[in-house]
Amino acid sequence: MTRVADHEILPLILNRHSPRALSGEPLPQAELLRVLEAARWAPSAMNIQPWRFLYAQAGTTEFARFVDFLLPFNADWAGKAGALVVVMSNTVMPDGKPFAPHAFDTGAAWMALALQAASMGLVAHAMGGVAQDKIRAELQVPDTFTIHCVVALGFKGNFDDLPERLKPREAPNERRPIAESIANGAFPDAWK
Ligand SMILES: Cc1cc2nc3c(=O)[nH]c(=O)nc-3n(C[C@H](O)[C@H](O)[C@H](O)COP(=O)(O)O)c2cc1C
């Protein structure tokens with residue numbers, strides 16, 4: 001299925017999606033750094049840059065450990081990622097005060113990462129289906145950090161190698177009509 005935008009937008013935004021067919025080939029450091037560099041340039045409140053990324057490349061002992069962080073419904077396809085990246089954010093500012101926009105800003109960084117990956121022909125697929133407690137314990141993530149997701153990064157693989165249950169979900173999906181997400185001025189009753 002080809003996506004169609006109701007209003008003209010950048011093709012990169014429209015065509016980025018989250019496939020699951022991955023090749024298993026390790027993602028070289030140079031490509032990985034380009035993708036993470038894009039996240040670095042995301043905007044953030046007061047330029048605090050609350051995002052943090054912990055990565056592991058396929059073929060390393062760290063990677064096997066990161067695959068263990070994934071819930072089974074993700075591990076069966078994301079185990080063939082070229083790298084796995086834990087996305088987290090620091091919830092406090094350098095002065096120790098809470099930093100409320102940490103999740104908003106880290107979401108922006110994830111999107112920059114995803115668009116950069118798409119522009120390079122790579123897969124970037126976020127997964128919230130992860131064992132957060134395990135990640136926190138094993139990577140010794142302090143309580144002041146929020147763990148958001150793990151991103152499967154890598155080279156596209158063969159559709160035929162996907163588990164049967166995932167094949168129908170491999171095509172780019174749709175969006176609800178824009179009128180259900182935007183409103184002019186007043187807060188619509190439909191949103192309450
Ligand atoms: C924070 C976050 C968590 C997600 N968790 C999962 C997940 O655990 N497993 C999965 O297969 N896809 C996951 N997804 C992918 C979404 O289902 C997908 O982005 C959404 O359906 C829109 O599709 P698209 O990214 O192909 O446009 C996640 C996406 C985000 C942003």
Side-chain angles (χ1 to χ4, degrees), residues 1-24 35-36 38-39 42-44 50-56 58 63 66-91 101-136 139 141 145-159 161-178 180-182:
M1 187 198 314
T2 305
R3 287 175 167 176
V4 179
D6 288 350
H7 305 274
E8 192 183 345
I9 60 171
L10 290 174
L12 184 62
I13 294 174
L14 183 64
N15 296 323
R16 178 221 57 82
H17 74 119
S18 302
R20 295 182 178 84
L22 286 151
S23 74
V35 170
L36 296 176
S44 60
W51 47 76
R52 301 289 187 275
F53 303 96
L54 282 173
Y55 65 83
F63 185 81
F66 277 38
V67 172
D68 268 352
F69 296 154
L70 309 178
L71 297 185
F73 66 88
N74 283 323
D76 67 351
W77 59 269
K80 292 176 86 176
L84 290 170
V85 183
V86 180
V87 180
M88 56 187 90
S89 58
N90 191 347
T91 66
H102 70 92
F104 186 85
D105 294 349
T106 302
W110 137 253
M111 187 58 173
L113 176 164
L115 291 175
Q116 178 66 34
S119 78
M120 294 163 63
L122 298 171
V123 172
H125 191 141
M127 296 168 286
V130 300
Q132 294 223 2
D133 292 350
K134 198 169 183 178
I135 294 174
R136 192 174 290 286
L139 300 179
V141 180
F145 284 70
T146 293
I147 297 163
H148 296 287
C149 64
V150 174
V151 175
L153 276 178
F155 297 100
K156 287 178 182 160
N158 291 324
F159 174 83
D161 295 341
L162 277 175
E164 283 308 315
R165 69 180 175 85
L166 294 177
K167 287 181 177 170
R169 297 173 64 192
E170 191 65 352
N173 56 17
E174 272 300 327
R175 293 296 184 269
R176 65 177 179 237
I178 193 170
E180 294 178 21
S181 300
I182 70 172

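Each ligand, and each atom within it, is numbered from 1 in the order the structure gives. Only heavy atoms go into these numbers, but all of them, side chains included; no hydrogens, no water, no symmetry mates.
- For atom 18 (C) of ligand 1, the nearest non-hydrogen atom from the set A124, S18, A126 belongs to S18.
- Checking side-chain atoms of R136 against main-chain N and O of F145 turns up a donor-acceptor pair under 3.5 Å.
- Checking only distances, H17 never comes within under 3.5 Å of ligand 1, N or O to N or O.
- Remark: the backbone N or O of N90 is not paired with any side-chain donor or acceptor of H102 at under 3.5 angstrom.
- Close approach to W77 involves these atoms of ligand 1, each under 4.0 Å from a residue heavy atom: 11 (O).
- Taking 4.0 Å as the cut-off between side-chain N and carboxylate O, E170 and K167 do not count as a salt-bridged pair.
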With a 3.5 Å cut-off and sequence neighbours excluded, list the donor-acceptor pairs that the side chains of residues 72-82 form with protein atoms.
unit_1	atom_1	unit_2	atom_2	d
N74	OD1	W77	NE1	3.4
N74	ND2	G129	O	3.0
D76	OD1	R165	NH2	3.0
D76	OD2	R165	NH2	2.6
W77	NE1	F73	O	3.3

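- Near G129, meaning under 4.0 Å from one of its heavy atoms, ligand 1 places the atoms 8 (O).
- Listed by number with element, the atoms of ligand 1 under 4.0 angstrom from any heavy atom of R20 are 10 (C), 11 (O), 12 (N).
- In this comparison of V151, N173, V87, the heavy atom closest to atom 20 (C) of ligand 1 sits on N173.
- The closest approach between any non-hydrogen atom of H148 and ligand 1 is not below 4.0 Å.
- A 6.0 Å sphere centred on CD1 of I9 holds more than 12 heavy atoms belonging to other residues, nucleotides or ligands.
- Considering every non-hydrogen atom in both A124 and L113, the closest pair reads CB-CD2, 4.3 Å.
- Nearest heavy atom pair, residue K156 against residue G121, reads CE-O, 3.9 Å.
- Regarding atom 15 (C) of ligand 1, its nearest protein heavy-atom neighbour is H125 NE2, 3.5 Å.
- For atom 26 (O) of ligand 1, a protein heavy-atom neighbour is found at a distance under 4.0 Å.
- The single protein non-hydrogen atom nearest to atom 3 (C) of ligand 1 is G128 N, 3.3 Å, given as residue, atom name and distance.
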Problem set entry | Stepwise ring pair (Phe, Tyr, Trp, His ring centres under 6.0 Å) check, F63 with F66 | CA-CA 5 Å; F63 185 81; F66 277 38; 7.9 Å; no

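- Put simply, CG on L115 and CG on L10 are 8.5 Å apart, with the number rounded to the nearest 0.5 Å.
- Atoms of ligand 1 lying under 4.0 Å from at least one heavy atom of R3, given by number and element, are 24 (P), 26 (O), 27 (O).
- Ligand 1 is never approached by E174 to a heavy-atom distance shorter than 4.0 Å.
- Looking at ligand 1, you won't find any N or O of F73 less than 3.5 Å from one of its N or O atoms.
- Per-residue contacts place N74 under 4.0 angstrom from the following atoms of ligand 1 (heavy atoms of the residue considered): 7 (C), 8 (O), 9 (N), 10 (C), 11 (O).
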